[in-house]
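These numbers come from the heavy atoms of this one structure, side chains and all, not from hydrogens, waters or symmetry mates. Fair warning: this is a prediction, and the values are worked out from it, not measured in the lab.
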Amino acid sequence: MKNEPFFKRYKKTVISFSVIIALFLGLGYYVGFQHIPHHVKELWQMIAGNTNQEEQPAMDASIATEGITTEVASRAPEFPMDTLMWVNAIKNGDYIPDGVKEELAAIRKTDFSKMSVATDKPDDFEIKQAIVQRFGEEAINLLKQNDATLKGGKAYNAPLQNSQKNGQEIARVTMMVTAFNSKNDNLMNIQEPLLPVYDFVKFESDPNTWYVTDISQTIPYDYKLNK
């Protein structure tokens with residue numbers, strides 16, 4: 001046994017360690033490394049069976065809750081909610097504004113699995129162009145004052161609408177938009193008129209230009225964009 005190669009003797013250990021490292025890196029990439037301890041703790045609570053209903057954390061908004069799902073369209077559109085942040089705040093006894101717990105409960109019941117990810121969506125330049133075109137100097141000054149640029153996240157297809165003013169839409173997507181400064185610090189939406197989520201549309205009369213408008217559906221919080 002002592003003469004066996006190192007890898008052969010510790011094959012299972014090496015493979016197990018490699019799988020753990022791969023899972024850690026994958027989870028860090030998709031939700032951000034700062035969220036990993038929360039997910040590990042939540043998984044342990046599920047395995048140990050020591051989670052009661054009041055302590056049950058809200059699921060990542062991108063995952064549906066089995067057995068108690070509702071249609072996305074059954075509620076008025078809401079801005080995406082960072083469920084991990086608010087669950088931790090509740091556990092820590094921090095101040096929780098009115099309506100937060102109710103919104104967390106609603107998110108647990110929301111079925112996001114029926115939403116389709118859009119392949120045709122505006123890039124960061126087109127996002128800025130659309131927002132500046134709509135909000136003008138107010139948006140320009142906000143970005144300039146904060147040394148900020150805008151980045152878009154995952155986009156979800158939204159039902160097309162027929163506008164009397166602009167004509168027939170050929171594309172509509174809902175996506176989170178976040179401002180970052182030159183140091184890559186996350187500034188979120190800074191302040192109005194910059195918002196955390198918009199609908200972007202293209203019209204048959206102008207098929208190469210994206211325009212920004214109000215959200216038409218609730219989408220999952222984009223942890224990858226805001227990690």
Side-chain angles (χ1 to χ4, degrees), residues 30-32 60-64 71-83 103 107 110-182 184-227:
Y30 283 103
V31 305
D60 181 329
S62 64
I63 303 175
E71 297 292 339
V72 173
S74 65
R75 300 175 59 226
E78 300 281 354
F79 288 157
M81 185 181 199
D82 186 345
T83 58
E103 190 172 347
I107 287 177
T110 303
D111 183 6
F112 290 104
S113 66
K114 296 180 181 180
M115 305 186 77
S116 62
V117 178
T119 54
D120 183 15
K121 65 175 185 177
D123 59 27
D124 293 344
F125 175 78
E126 291 170 320
I127 287 170
K128 180 180 178 181
Q129 191 176 45
I131 289 174
V132 167
Q133 189 274 334
R134 176 173 176 179
F135 299 111
E137 289 295 326
E138 193 173 2
I140 293 173
N141 291 336
L142 270 177
L143 294 172
K144 188 177 296 184
Q145 291 165 9
N146 291 275
D147 187 26
T149 187
L150 299 174
K151 295 182 181 180
K154 181 182 291 187
Y156 297 86
N157 289 311
L160 301 180
Q161 301 178 20
N162 189 16
S163 169
Q164 293 181 350
K165 178 180 178 181
N166 298 305
Q168 181 61 47
E169 297 177 359
I170 58 174
R172 175 181 281 260
V173 300
T174 310
M175 64 191 300
M176 287 195 73
V177 175
T178 300
F180 293 86
N181 64 19
S182 58
N184 206 34
D185 295 323
N186 189 329
L187 305 177
M188 299 302 289
N189 58 309
I190 309 177
Q191 66 185 61
E192 292 187 2
L194 298 180
L195 300 175
V197 61
Y198 300 94
D199 271 15
F200 292 89
V201 298
K202 288 196 296 188
F203 298 97
E204 192 173 48
S205 58
D206 189 8
N208 297 315
T209 303
W210 286 99
Y211 295 87
V212 70
T213 187
D214 298 332
I215 60 171
S216 61
Q217 60 183 348
T218 304
I219 62 172
Y221 188 86
D222 197 328
Y223 288 103
K224 184 176 179 181
L225 173 64
N226 292 294
K227 64 182 179 180

Taking distance alone, no hydrogens or angles, what donor-acceptor pairs closer than 3.5 Å link side-chain atoms of residues 138-147 to residues at least two apart or in another chain?
| unit_1 | atom_1 | unit_2 | atom_2 | d |
| --- | --- | --- | --- | --- |
| N141 | ND2 | E137 | O | 3.2 |
| N146 | ND2 | L142 | O | 2.8 |
| D147 | OD2 | S182 | OG | 2.5 |

**Study point:** Pairwise side-chain contact, Q133 with Y211, heavy-atom cut-off 4.5 Å (strictly under)
**Key:** yes
Practice item. State, to 0.1 Å, how close I219 and F112 come at their nearest heavy-atom pair, and which atoms those are. Key: C-CE2, 3.6 Å
Review point. Side chain of K121, backbone of G153: donor and acceptor closer than 3.5 Å?
Key: yes
**Study point:** Greater than 12 external heavy atoms within 6.0 Å of Q161's CD
**Key:** yes
Check your understanding: Side-chain donor-acceptor pair under 3.5 Å between Y156 and T218, yes or no?
Key -> no
Review point. Between Y198 and F135, how do the two ring planes meet: parallel, tilted or perpendicular, split at 30° and 60°?
Key: tilted
Point to revise | Separation between CH2 of W210 and NZ of K202, rounded to the nearest 0.5 Å | key: 5.0 Å
Check your understanding: Do T174 and V197 have side chains that get closer than 4.5 Å, going by heavy atoms?
Key -> yes
Check your understanding: To the nearest 0.5 Å, what is the distance between CE (M188) and CE (M176)?
Key -> 5.5 Å
Revision key, fill the gap. Nearest heavy-atom approach of I170 to P207 is CD1-CB, 3.7 Å
Check your understanding: Which heavy-atom pair separates A148 from A179 by the least distance, and what is that distance?
Key -> CB-CB, 4.3 Å
Show which side-chain atoms of residues 122-131 pair as donor or acceptor with protein atoms under 3.5 Å away, not counting sequence neighbours.
| unit_1 | atom_1 | unit_2 | atom_2 | d |
| --- | --- | --- | --- | --- |
| D123 | OD1 | F125 | N | 3.2 |
| D123 | OD1 | E126 | N | 2.8 |
| D124 | OD1 | G152 | N | 3.0 |
| E126 | OE1 | D123 | N | 2.9 |

Point to revise | Atom of D82, atom of Y221 and distance for their closest heavy-atom approach | key: N-CD1, 3.5 Å
Point to revise | Set of salt bridge (charged side-chain N to carboxylate O under 4.0 Å, His left out) partners for D206, sequence neighbours left out | key: none
Check your understanding: Are the side chain of N226 and the backbone N or O of D222 linked by a donor-acceptor pair below 3.5 Å?
Key -> yes
Check your understanding: Which heavy atom of A118 sits nearest a heavy atom of N157, and at what distance?
Key -> CB-OD1, 3.2 Å
Check your understanding: Less than 4.5 Å apart, any side-chain heavy atom of R134 and any of P193?
Key -> no
Review point. Do you know which of T178, L225, N186 makes side chain to side chain contact (heavy atoms under 4.5 Å, CB included) with K151?
Key: L225
Revision key, fill the gap. Distance col, row T213:OG1 vs E169:CD, nearest 0.5 angstrom, shows 8.0 Å
Practice item. Evaluate the side-chain proximity of V177 to F200: yes if any heavy-atom separation is below 4.5 Å, no if none is. Key: yes
Check your understanding: So, are D199 and R172 salt-bridged, with charged N and O less than 4.0 Å apart?
Key -> yes
